Undergrad: 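I have a structure here, written as structure tokens, and I will follow up with some questions on it.
All of these numbers come straight from a predicted model, not from anything done at the bench.
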Amino acid sequence: MKRKEENGPEKKTDRRVLKTKRAIRNAFATLLSEKDLNAITIKDISDVADINRKTVYNYYAGIHEILDEIENEIISVFERVIRNIDLGKSFENPRLIFESLNEIIDSDMEFYSRFMKIDANSHLVRKIVSSLKTKVRETLAEQLPAAEDRSGLAADFITSGMVSAYQCWFNSRNRRPLSEFSRDVGALVFYGISGLLNENGTSERKPPFAVDFSGR
């Protein structure tokens, strides 16, 4: 019983810390979509997050520490999804990848909604996309050796296309359900236009420009 009493306040504190840090990073993402990184101040963040400047400094030494934490967290989460991708199964059912991505987005929709509105040329977005391309390239080369010499092109196409598509979805005023949207993106990534035109999201025959990754 004593252990529960000791853990109670600690859990409440953890939730309070998470809530505060989430407010800070949401405010930072909002500001980054409106102005250059060098123009953002701690006061700006505290004003948008509606918290005291001292509270921000309790968790972060400055702007770049907030930036680094967001960057590392996003890269870590998406790399975990990429590492767990089974490309063989994904070709049969591309929804598998995007269901995992949807879970990540749904876990913090408010933040990702703000993040996806940041200029694609910003330092943060470019670094995250670059890291994801590297991981996708490594996964393609490892699981599809026959396509290793073209894995860079495939990684660029897949990663850039996916990020761009999600940015369009978040910026759309009339959003389709995320599950429907991700189904179509998956069909495009794995089957091209022919996959998108197939209402089931799968292609019964390869389009004429398809690449045979089997090596046969």
Undergrad: If every non-hydrogen atom of Val185 is compared with every non-hydrogen atom of Ala165, which pair is closest and at what distance?
TA: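 In this case the closest contact between Val185 and Ala165 is CG2-CB, 4.0 Å.
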
Undergrad: Provide the closest heavy-atom pair for Tyr59 versus Glu65 in the form atom of the first, atom of the second, distance.
TA: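 Nearest heavy atoms, Tyr59 then Glu65: O-OE2, 3.6 Å.
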
Undergrad: Mark yes or no for whether Ser164, through its side chain, and Gly161, through its backbone, hold a donor-acceptor pair below 3.5 Å.
TA: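 No, Ser164 side chain to Gly161 backbone: no donor-acceptor pair under 3.5 Å.
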
Undergrad: Going by atom type alone, with no hydrogens or angles, which donor-acceptor pairs under 3.5 Å involve a side-chain atom of residues 24-33 and a protein atom two or more places apart or on another chain?
TA:
| from | atom 1 | to | atom 2 | distance (Å) |
| --- | --- | --- | --- | --- |
| Arg25 | NH1 | Glu73 | OE1 | 3.2 |
| Arg25 | NH1 | Glu73 | OE2 | 2.7 |
| Arg25 | NH2 | Asp108 | OD2 | 2.4 |
| Asn26 | ND2 | Arg22 | O | 3.4 |
| Thr30 | OG1 | Asn26 | O | 2.9 |
| Thr30 | OG1 | Arg114 | NE | 2.6 |
| Ser33 | OG | Thr30 | O | 2.6 |

Undergrad: Return the set of residues passing side chain to side chain contact (heavy atoms under 4.5 Å, CB included) with Asn38 (not counting sequence neighbours), or none when no residue passes.
TA: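 In terms of side chain to side chain contact (heavy atoms under 4.5 Å, CB included), with neighbours along the sequence ignored, Asn38 is linked to Asp36.
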
Undergrad: Would the Phe170 and Phe115 ring centres measure less than 6.0 Å apart?
TA: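 Centroid distance Phe170-Phe115: not below 6.0 Å, so no.
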
Undergrad: Hey, could you give me the NE2/CG distance between His64 and Leu67, rounded to the nearest 0.5 Å?
TA: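 Here the interatomic distance stands at 7.0 Å.
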
Undergrad: Could I get the full list of side chain to side chain contact (heavy atoms under 4.5 Å, CB included) partners for Arg53, not counting sequence neighbours?
TA: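 Expected list: Ile42, Lys43, Ser46.
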
Undergrad: What's the separation between atom CZ in Phe111 and atom CE in Met116, rounded to the nearest 0.5 Å?
TA: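 That separation rounds to 9.0 Å.
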
Undergrad: In Å, rounded to the nearest 0.5 Å, how long is the span from CG of Leu132 to CD1 of Ile158?
TA: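 So the gap between those two atoms works out to 12.0 Å.
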
Undergrad: Any side chain to side chain donor-acceptor pair (under 3.5 Å) pairs touching residues 126-137, not counting sequence neighbours?
TA: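 Every pair satisfying side chain to side chain donor-acceptor pair (under 3.5 Å) with a residue in residues 126-137: Glu71-Lys127, Glu79-Ser131, Lys133-Ser160.
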
Undergrad: Measuring from atom CD1 of Ile74 to atom CD of Glu69, what distance do you get when rounded to the nearest 0.5 angstrom?
TA: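 Ile74 atom CD1 to Glu69 atom CD measures 10.5 Å (nearest 0.5 Å).
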
Undergrad: State which residues pass side chain to side chain donor-acceptor pair (under 3.5 Å) with Ser179; sequence neighbours excluded, sorted by chain then number.
TA: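 Testing Ser179 for side chain to side chain donor-acceptor pair (under 3.5 Å), a comparison that skips the adjacent residues, returns none.
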
Undergrad: Begin from the C-alpha positions of Ile63 and Ile45 and carry the test side-chain contact (heavy atoms from CB on, under 4.5 Å) through to its verdict.
TA: CA-CA 9 Å; Ile63 297 296; Ile45 292 174; 3.5 Å; yes

Undergrad: Working note: Tyr166 + Ile105, criterion side-chain contact (heavy atoms from CB on, under 4.5 Å); need CA distance, chi angles, decisive distance, verdict.
TA: CA-CA 10 Å; Tyr166 274 99; Ile105 292 169; 3.5 Å; yes

Undergrad: Does Tyr112 have any side chain to side chain donor-acceptor pair (under 3.5 Å) partners at least two apart in sequence or in another chain, and if so, which?
TA: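 Partners of Tyr112 under the side chain to side chain donor-acceptor pair (under 3.5 Å) test: none.
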
Undergrad: For Asn58 and Thr55, test the side chains for any donor-to-acceptor distance below 3.5 angstrom and give the result as yes or no.
TA: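 No, Thr55 and Asn58 have no side-chain donor paired with an acceptor closer than 3.5 Å.
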
Undergrad: Would you compute the distance between atom CD of Gln167 and atom OG of Ser172 and round it to the nearest 0.5 angstrom?
TA: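 Reported value, rounded in 0.5 Å steps: 13.5 Å.
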
Undergrad: Under a single-linkage definition using a 4.5 Å side-chain heavy-atom cutoff for Ile, Leu, Val, Met, Phe, Trp and Tyr, are Leu153 and Val129 assigned to the same hydrophobic cluster?
TA: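 No, it is not one cluster - the side chains of Leu153 and Val129 are not joined through contacts under 4.5 Å.
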
Undergrad: Is the number of heavy atoms from other residues, nucleotides or ligands within 6.0 Å of CG (Asn52) greater than 12?
TA: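 Correct, the count exceeds 12.
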
Undergrad: To the closest 0.5 Å, what do you measure between CG (Asp119) and CG (Leu37)?
TA: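 Rounded to the nearest 0.5 Å, the CG-CG separation comes out at 12.5 Å.
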
Undergrad: What heavy-atom pair brings Glu180 and Arg176 nearest, and what distance separates the two atoms?
TA: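 Glu180 and Arg176 have their closest heavy atoms at O-NH2, 3.5 Å.
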
